[in-house]
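Report on the following structure.
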Number of protein chains: 2
Amino acid sequence: MAGNKENQKKDTTTEGKIKEAARTVFYKKGFAATRTRDIAEEAGINLALLNYYFRSKAKLFEIIMVEALADFVKGLLTVLNDEKTGLEKKVQEVAGRYIDLLLEEPEIPTFIVTEIRSNPEGLLKKLPIQEVLSKSVFFRQHREAVEKRQITQPDPLHFLMNMMGLVVFPFIAKPLIMGGRKMQAQEFNVLMQERKALIPVWVKAMMKAK
Amino acid sequence: MAGNKENQKKDTTTEGKIKEAARTVFYKKGFAATRTRDIAEEAGINLALLNYYFRSKAKLFEIIMVEALADFVKGLLTVLNDEKTGLEKKVQEVAGRYIDLLLEEPEIPTFIVTEIRSNPEGLLKKLPIQEVLSKSVFFRQHREAVEKRQITQPDPLHFLMNMMGLVVFPFIAKPLIMGGRKMQAQEFNVLMQERKALIPVWVKAMMKAK
DNA sequence: GTCTATAACGTGATAGAC
DNA sequence: GTCTATCACGTTATAGAC
């Protein structure tokens, strides 16, 4: 969890402060809308130091982006490739871990989606997600469950999109459904806590629906 | 469907060409990353004409944004407030209409999400979504179904988030799961066509799960 | 390592000829 | 209405003193 604020000691070095500030601002505004001055101000340091420690805005951004992808995509693949857990447990794991992660860093999904749109080639060619998925334990277990008639939905992509959509979509749509009102932040948290238990039940029901 | 390319005759006036080009580029790159020169080039017109017809980049953007919201949010509220349809039919309507819309304009969701993040106050204060939803026919029907024990999930927000997530999330995650490979565009279309029929079945199963 | 001052560049917008 | 040329400004990045 490279980018997780909670799980690492606060880095008080100048370099660390810049990186933390960069993550905060990039997550909130995206690469194009972020000015290096914003990051310097957020970090409480001089603008020139940003270029001293990291060569450029683009280079700093790439570090943040790679860590965000590591947090998100790689963490997912780890769960999906666990030989020791079955499909139901995997859904529980994904729901539990990701909702906790996203309650701490709610801006990660929108950040990743936005920046990949701007640069589909750059970072995605390095992770051949399609291939990795098709060889995953998750896909194999899904295929076996279909053969055993435990699941009616034959396409594992539907399964995956449904599970991830149930987990991630509320965080993406939060500004729309919550209307930006601070008062409802707590209400949102309660909803997401409920979903940790509900999503496994829902997914199970969906995948067995006729 | 103000911004729907397919349903309107191609506007060949200079003003129309600029607006279409603006939609294309803004949808793809967002406001901050878009240069007025990009729009002019896409439209095949001179840069100065953009400022002649629309006062500024910001003003042109607002037009595109308002139309995107009209396409998306207002269309949804229309369906959800239809007195003549029940819950099941509403899910069918949303799935059918939105998947068709998004197959034509797949970039709308990411566009809206991105730009609302940058400007949560501006356009959202005008649409008090939270209030509109709580008074909607959809919410009332949901409450009635819960009272009649036809649905086990008591919170209509879960219902709404699940339905919308199942419809919209694949389009948001498309660059990730499809990896940007053109070859798989057709495969994606097939999946989405399947979902038009599957989502109503899934939602029904979910909301009755114990 | 950290600062101030400034260079180098890109972008939004306009003036003015046609 | 449409073009070319240019201005005005903000931003990234660096030079150079401390």
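Here is the naming used below: chain letters follow the sequence lines, and residue numbers restart at 1 for every chain. We use all heavy atoms of the structure for the numbers below, so side chains are in, but hydrogens, waters and symmetry mates are not.
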Answer with base, sugar-phosphate or nothing: what part of the nucleic acid does A:Tyr53 contact at a heavy-atom distance below 4.0 Å? sugar-phosphate
What is the nucleic acid contact for B:Thr13, judged by heavy atoms within less than 4.0 Å: base, sugar-phosphate only, or nothing? nothing
Salt-bridge contact A:Asp38-A:Arg35 (side-chain N to carboxylate O under 4.0 Å): yes
Do A:Glu62 and A:Lys59 meet the salt-bridge criterion of a basic N to acidic O distance under 4.0 Å?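 Between A:Glu62 and A:Lys59 there is a salt bridge, with a charged N closer than 4.0 Å to a carboxylate O.
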Taking atom [atom2] of [N] as reference, at what distance in whole Å does atom [atom1] of [X] sit?
{"X": "B:Lys57", "N": "C:dA13", "atom1": "NZ", "atom2": "C1'", "answer": "12 Å"}
{"X": "A:Leu47", "N": "C:dA7", "atom1": "CG", "atom2": "P", "answer": "16 Å"}
{"X": "B:Leu49", "N": "D:dT2", "atom1": "CG", "atom2": "C1'", "answer": "5 Å"}
{"X": "A:Arg35", "N": "D:dA13", "atom1": "CZ", "atom2": "C1'", "answer": "16 Å"}
{"X": "B:Phe61", "N": "C:dG12", "atom1": "CZ", "atom2": "P", "answer": "13 Å"}
{"X": "B:Tyr52", "N": "C:dT14", "atom1": "OH", "atom2": "P", "answer": "14 Å"}
{"X": "A:Leu50", "N": "C:dG1", "atom1": "CG", "atom2": "C1'", "answer": "14 Å"}
{"X": "A:Asn46", "N": "D:dG16", "atom1": "CG", "atom2": "P", "answer": "17 Å"}

Please tell me if [X] has a side-chain N or O lying less than 4.0 Å from either OP1 or OP2 of [N].
{"X": "A:Ser56", "N": "D:dT12", "value": "no"}
{"X": "A:Thr36", "N": "D:dT11", "value": "no"}
{"X": "B:Thr14", "N": "D:dT2", "value": "yes"}
{"X": "B:Asn51", "N": "C:dG12", "value": "no"}

Would you verify whether the NZ or CZ of B:Lys90 falls within 45 degrees of the ring axis of B:Phe138 while also being under 6.0 Å from that six-membered ring's centre? no
Upstream residue (5' side of DNA chain C) when A:Ile45 and A:Arg37 are each assigned their closest nucleotide: A:Ile45
Of all pairs that satisfy salt bridge (charged side-chain N to carboxylate O under 4.0 Å, His left out), the ones with a partner from residues 41-58 of chain A, not counting sequence neighbours: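 Passing the test, one end in residues 41-58 of chain A: no pairs.
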With ring centroids as reference points, do A:Phe26 and A:Phe111 lie under 6.0 angstrom apart?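 That pair fails the under 6.0 Å test.
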Checking contacts here: which listed nucleotide (D:dC3, D:dA13, D:dA15) is nearest the side-chain heavy atoms of A:Ala48?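 Per side-chain heavy atoms of A:Ala48, the pick is D:dA15.
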